[in-house]
Every structure is written in structure tokens, then in C-alpha cells.
Amino acid sequence: MKIAVFLPELLRHLFKKPATVDYPFKKLEVPKDFRGTPYLNPEMCIACRACERDCPAEAIEISSVNEAEKRFRMVIHNDRCIHCAQCVDSCPTTPKAMQMDSLFEIACDDRHKLKTDWVYVRAVLKPKAAAPAAAPQAAEPKT
Ligand code: SF4
Ligand code: SF4
């Protein structure tokens, strides 16, 4: 095949911007809803264990540390986490006790270093204000 066949394409690409990013020499911006690493906001956690139950990778472990004090421990095993954000979806609190950050450079040479844990007292969330009662309806006249 003659080189002339490729020449127009070659010249076109010589003057185009690179399609790739110069990572890791340049910081990589991640999209707004990027699913990085899960983390706990312990002040909001009611220890309902929905995140632990629904995690498909069994990456969340919640245990009771002190029953009387309602103190719990949560461990997230980031070496198992598949960054699906199911734990965030399952978390019932508002704002969410479980959240995802935008970190992705967490690789290391020892998987045990990827564990993150929190010891905290279970949050007691205020109940939502009850909706106003409906006005009583006038009784219909009997016929
Ligand atoms: S992001 Fe997915 S895999 Fe990771 S801890 Fe949450 S539910 Fe589990
Ligand atoms: S992080 Fe959310 S889902 Fe998990 S135990 Fe706490 S309140 Fe429940």
C-alpha cells in the first residue's frame, strides 16, 4: 500500500489536540457525580445497617462496641469495594450518613491499609413534623 493513502489522515492528526489526558502529570478533574470512595458521616448514622445489608461486595461491617452507650464501629473495606454507591442509595437519613467522595488514587501495596473505620455513638434523628390533620368533613344528612 502506498504511503500517499495515509498522508491526508496523518497530516490531519499532526495538527489536532491530543485525545488523551496528560495524567498523572496533570491533575485529573472528575465529573460531579463521580463515585470515588465511600465514607461515613458518623453524626448522621442511626446504625440501621441498611448499607451493610445491601452492599454487594460485603465491604461494610458494623458492630456494637458498647450496648449501653449505643456505641458502634463501622469498617469499610475499600479493597473489596466496587464503588457502586448502593450503600449511599440505601442509607435512609437526610442528609445521607453514607456518602461518596471523589478520590480514586487509593492504590497501595497492602490491602489492609485500605480499611477505614469509625467508632461513634448512634445518632438519634428528630422525627419529621407531623402533617396537619385534615379538617373534619360535615356528616351527610341521612335520608
Ligand atoms: S460503594 Fe458499593 S461496594 Fe462499596 S461499600 Fe458501598 S455498597 Fe459496598
Ligand atoms: S450509614 Fe446509613 S444505612 Fe449505614 S447504618 Fe448508618 S444510617 Fe444506616
Side-chain angles (χ1 to χ4, degrees), residues 1 3 5-142:
M1 203 175 278
I3 188 92
V5 178
F6 299 106
L7 212 53
E9 189 70 5
L10 184 70
L11 289 174
R12 205 163 61 83
H13 282 276
L14 273 180
F15 299 103
K16 270 178 94 177
K17 274 189 180 173
T20 51
V21 181
D22 204 10
Y23 179 83
F25 305 108
K26 274 190 189 163
K27 194 177 175 321
L28 198 60
E29 295 296 330
V30 295
K32 189 176 141 279
D33 294 325
F34 181 78
R35 298 196 305 255
T37 309
Y39 71 92
L40 179 71
N41 177 4
E43 283 161 22
M44 289 303 296
C45 180
I46 56 173
C48 65
R49 298 188 166 194
C51 54
E52 180 187 47
R53 180 196 64 206
D54 294 347
C55 173
E58 298 185 358
I60 301 175
E61 234 183 289
I62 302 173
S63 53
S64 172
V65 175
N66 184 318
E67 283 280 333
E69 291 176 8
K70 301 190 185 331
R71 193 173 290 278
F72 288 81
R73 178 169 187 241
M74 177 185 290
V75 182
I76 299 184
H77 298 269
N78 284 302
D79 56 326
R80 286 191 221 151
C81 176
I82 55 170
H83 309 274
C84 62
Q86 179 59 57
C87 49
V88 180
D89 288 348
S90 300
C91 183
T93 65
T94 310
K96 301 265 185 189
M98 186 64 83
Q99 304 210 358
M100 303 287 280
D101 62 25
S102 58
L103 296 179
F104 61 93
E105 295 166 311
I106 60 166
C108 69
D109 56 6
D110 178 359
R111 58 182 294 191
H112 300 294
K113 286 186 192 160
L114 292 172
K115 247 194 261 182
T116 39
D117 74 313
W118 296 261
V119 175
Y120 58 98
V121 174
R122 186 175 77 191
V124 179
L125 301 183
K126 287 182 195 143
K128 284 184 185 159
Q137 288 184 347
E140 284 186 14
K142 286 186 182 161

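Because only heavy atoms are used, hydrogens play no part in the values below, and waters and symmetry mates are left out as well, while side chains stay in. Atoms within a ligand are numbered from 1 in the order they appear, just like the ligands themselves.
Taking 4.5 Å as the limit, some side-chain heavy atom of Leu40 sits within range of a side-chain heavy atom of Tyr120. Put simply, the side chain of Cys108 reaches to within 4.5 Å of the side chain of Leu114, judged on heavy atoms.
Among all non-hydrogen protein atoms, the one lying nearest atom 8 (Fe) of ligand 2 is Cys48 SG, 2.3 Å. Ranking the protein heavy atoms by distance from atom 6 (Fe) of ligand 2 puts Cys45 SG, 2.4 Å first. Atom 1 (S) of ligand 1 has as its closest protein heavy atom Ala85 N, 3.2 Å. Among all protein heavy atoms, the one lying closest to atom 7 (S) of ligand 2 is Ile46 N, 3.5 Å.
Taking 2.8 Å as the threshold, Cys91 counts as a candidate ligand of atom 2 (Fe) of ligand 2, since one of its N, O or S atoms lies below it.
Interface atoms of ligand 2 facing Ile62, defined by a heavy-atom separation under 4.0 Å, are 5 (S). Within ligand 2, counting atoms from 1 as listed, the ones closer than 4.0 Å to a heavy atom of Leu40 are 1 (S). Residue contact check: His83 has heavy atoms under 4.0 Å from atoms 1 (S), 4 (Fe) of ligand 1.
Every residue meeting the side-chain contact (heavy atoms from CB on, under 4.5 Å) condition with Val30, not counting sequence neighbours, appears here in chain and number order: Phe34, Ser102, Phe104. Among residues two or more places apart in sequence or in another chain, the salt bridge (Lys or Arg N to Asp or Glu O under 4.0 Å) test is passed with Glu58 by none. Scanning for side-chain contact (heavy atoms from CB on, under 4.5 Å) contacts around Arg73 gives Ser63, Val65, Val75, Asp117, Val119, with sequence neighbours left out.
Remark: Ile46 CD1 to Lys70 NZ distance equals 13.0 Å, nearest 0.5 Å. In this structure, Thr37 OG1 and Ile106 CD1 are separated by 4.0 Å, a value rounded to the nearest 0.5 Å.
Protein N/O/S atoms closer than 2.8 Å to atom 8 (Fe) of ligand 1, listed by chain and residue number, are Cys55 SG.
Panel note: side chain Asp22, backbone Phe25; no donor-acceptor pair is recorded below 3.5 Å.
Residue Lys96 comes nearest to Val88 through the heavy atom pair NZ-O, 3.0 Å, listed as atom of the first residue, atom of the second, then distance. Heavy atoms only, all atoms of each residue included: Pro38 and Ile76 are closest at O-CD1, 3.8 Å. Closest approach of Pro56 and Gln86 over heavy atoms only: CD-CB, 4.3 Å.
Contacts between Arg49 and ligand 2 below 4.0 angstrom, taking non-hydrogen atoms only, involve the backbone exclusively.
At a 4.0 Å cut-off, at least one heavy atom of Pro92 sits close enough to ligand 2 to count as contact.
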